[in-house]
Amino acid sequence: MADFKKQEIISQEEFPEDKRMDLTLRPKTLSDFIGQERLKDNLRVFIAAAQQRKESLDHALFHGSHGLGKTTLSYIIAQERGVDIKITSGPALEKVGDLAAILTSLEDKSILFIDEIHRLNRAIEEVLYPAMEEYAIDLVVGQGPSAKILRLNLPRFTLIGATTRPSLVSPPLRDRFGAVYQLNFYEVEEIKQIIIRSAKILGMRISSSAAQEIAQSSRFTPRVANRLLKRVRDYAQVKGKKEIDQEAARQALEMLEIDQSGLNQIDRKILEVLISKFNGGPVGIKTLAVATGEDIASLEEIYEPYLIQLGFLNRTSRGRVATELSYQHLNFKNKLC
Ligand SMILES: Nc1ncnc2c1ncn2[C@@H]1O[C@H](COP(=O)(O)OP(=O)(O)O)[C@@H](O)[C@H]1O
Ligand SMILES: [Mg+2]
């Protein structure tokens, strides 16, 4: 039961257990994919238009926080198009040869998915440009003065890139995507529906109020919702409950030290440090990282987006500021009093 640390449960990042869970819970069609309605409408048009022209899809870039459905949507597109998808990631592609091997193994209209595409190295990016634009790669064969450039033609594939940090995708790479889609945080009601769907697939019985309770603590993120659902199930099972009811859900969340706004210890520590050590801010991200003992990337990518979304934190040009709402939430006296 406990191969997850408390902190990992709330984190939006992917862990090995998620991969197993993904196989069963990942929606397989667009109609199974809950929420992101506008994005889905756009995708339907995007897919249908390519289908009618009998062409490959334009290259597409998905951006949004961890666990919102970027990988899932890429699989769905492949499924709806009836084509193969090959999966890799920015950090995994170290040498030009690695990318060349993958590109030359693609088939016409098939999809190459590159996760964390903002982490590609320069040399690889240079190879991708002509691959995306002209469906060709230039390989250097031989060494020294006798080296020759060999141009290899590629099938008309589609590149789908995913990133949690769109600002770090280099402009020339970003410009080569025909379509750019943003995934937003979900509504609590949508997360609730995702929990009910997952519970059904996993053969669990859950009350509507329990699903609501878990949804409220899920950071508006499907991956976190699925993870919490499993922890709550473990708890209910140990307590001998046949159905997950609201009480079991609440107790399980309390045990995980997740409060009713979905904040964990680290979120609370960030706000507490901001308020008690810096009088609510503004304070620079580097100072905040040192004072909380968290690294800057986790602060920026995991904790802050959620705290901002909830209205507990503001990012200003002078630094991070705790809002009045966070003073209330943590029972601190108001800054102005
Ligand atoms: N809209 C959705 N409806 C139902 N489940 C979803 C949805 N989006 C994501 N999920 C679930 O959340 C998990 C994480 O999604 P994933 O596509 O891996 O996120 P990302 O690639 O953006 O980090 C998936 O395995 C899937 O089970
Ligand atoms: Mg992913």
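Counting begins at 1 with the first residue of the sequence. Worth knowing before you read on, the calculation uses all heavy atoms, side chains too, and leaves out hydrogens, waters and symmetry mates. One-based numbering, in listed order, for ligands and for the atoms of each. Remember, it's a predicted structure, so these values are computed and weren't measured experimentally.
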Check Thr72 against ligand 1 and report side chain, backbone, both or neither, counting heavy atoms closer than 4.0 Å.
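Near ligand 1, Thr72 shows its backbone as well as its side chain.
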So which bit of Asn226 gets within less than 4.0 Å of ligand 1, heavy atoms only: side chain, backbone, both or neither?
side chain
Is [X] in polar range of ligand 1, meaning some N or O pair under 3.5 Å apart?
X: Ile34; result: yes
X: His66; result: no
X: Asp32; result: no
X: Gly69; result: yes
X: Thr71; result: yes
X: Phe33; result: no

Side chains of His118 and Thr163: is there a donor and an acceptor less than 3.5 Å apart?
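Yes, because at least one side-chain N or O of His118 sits under 3.5 Å from a partner of the opposite role on Thr163.
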Would you please say whether a donor-acceptor pair under 3.5 Å links the side chains of Ser208 and Lys192?
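Note: Ser208 and Lys192 side chains meet the donor-acceptor criterion.
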Do any heavy atoms of [X] fall under 4.0 Å from ligand 1?
X: Gly67; result: yes
X: Pro27; result: yes
X: Phe62; result: no

Atoms of ligand 1 close to Pro222 [distance to a heavy atom under 4.0 angstrom, numbered from 1]:
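Result: 6 (C), 7 (C), 8 (N), 9 (C), 10 (N), 11 (C), 12 (O).
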Atoms in ligand 1 flagged as close to Leu25, the criterion being non-hydrogen separation under 4.0 Å
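This gives 27 (O) as the contact atoms.
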Please determine whether the number of non-hydrogen atoms from other residues, nucleotides or ligands lying under 6.0 Å from atom CD of Glu187 exceeds 12.
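It does not: Glu187 CD has 12 such atoms or fewer within range.
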Please state whether the rings of His329 and Phe312 are parallel, tilted or perpendicular, taking 30° and 60° as the class boundaries.
tilted
For Gln36, the side chain to side chain contact (heavy atoms under 4.5 Å, CB included) test, sequence neighbours excluded, returns Phe33, Leu39, Leu183, Asn184, Tyr186
Give a yes or no on whether the ring-centroid distance for Tyr75 and Phe113 is below 6.0 angstrom.
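They do not qualify: ring centres at least 6.0 Å apart.
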Anything under 3.5 Å between a donor and an acceptor, one on a side chain of residues 88-99, the other on a protein residue two or more places apart or in another chain? List them.
unit_1 : atom_1 : unit_2 : atom_2 : d
Ser89  : OG     : Ala92  : N      : 3.4
Asp98  : OD2    : Glu94  : N      : 3.4
Asp98  : OD2    : Lys95  : N      : 3.1

Working to the nearest 0.5 angstrom, can you tell me the gap between Lys241 NZ and Gln251 CD?
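These two atoms lie 6.0 Å from each other.
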The Mg ion (ligand 2) and Thr72: any N/O/S contact shorter than 2.8 Å?
no
Side chain of His63, backbone of Thr164: donor and acceptor closer than 3.5 Å?
no
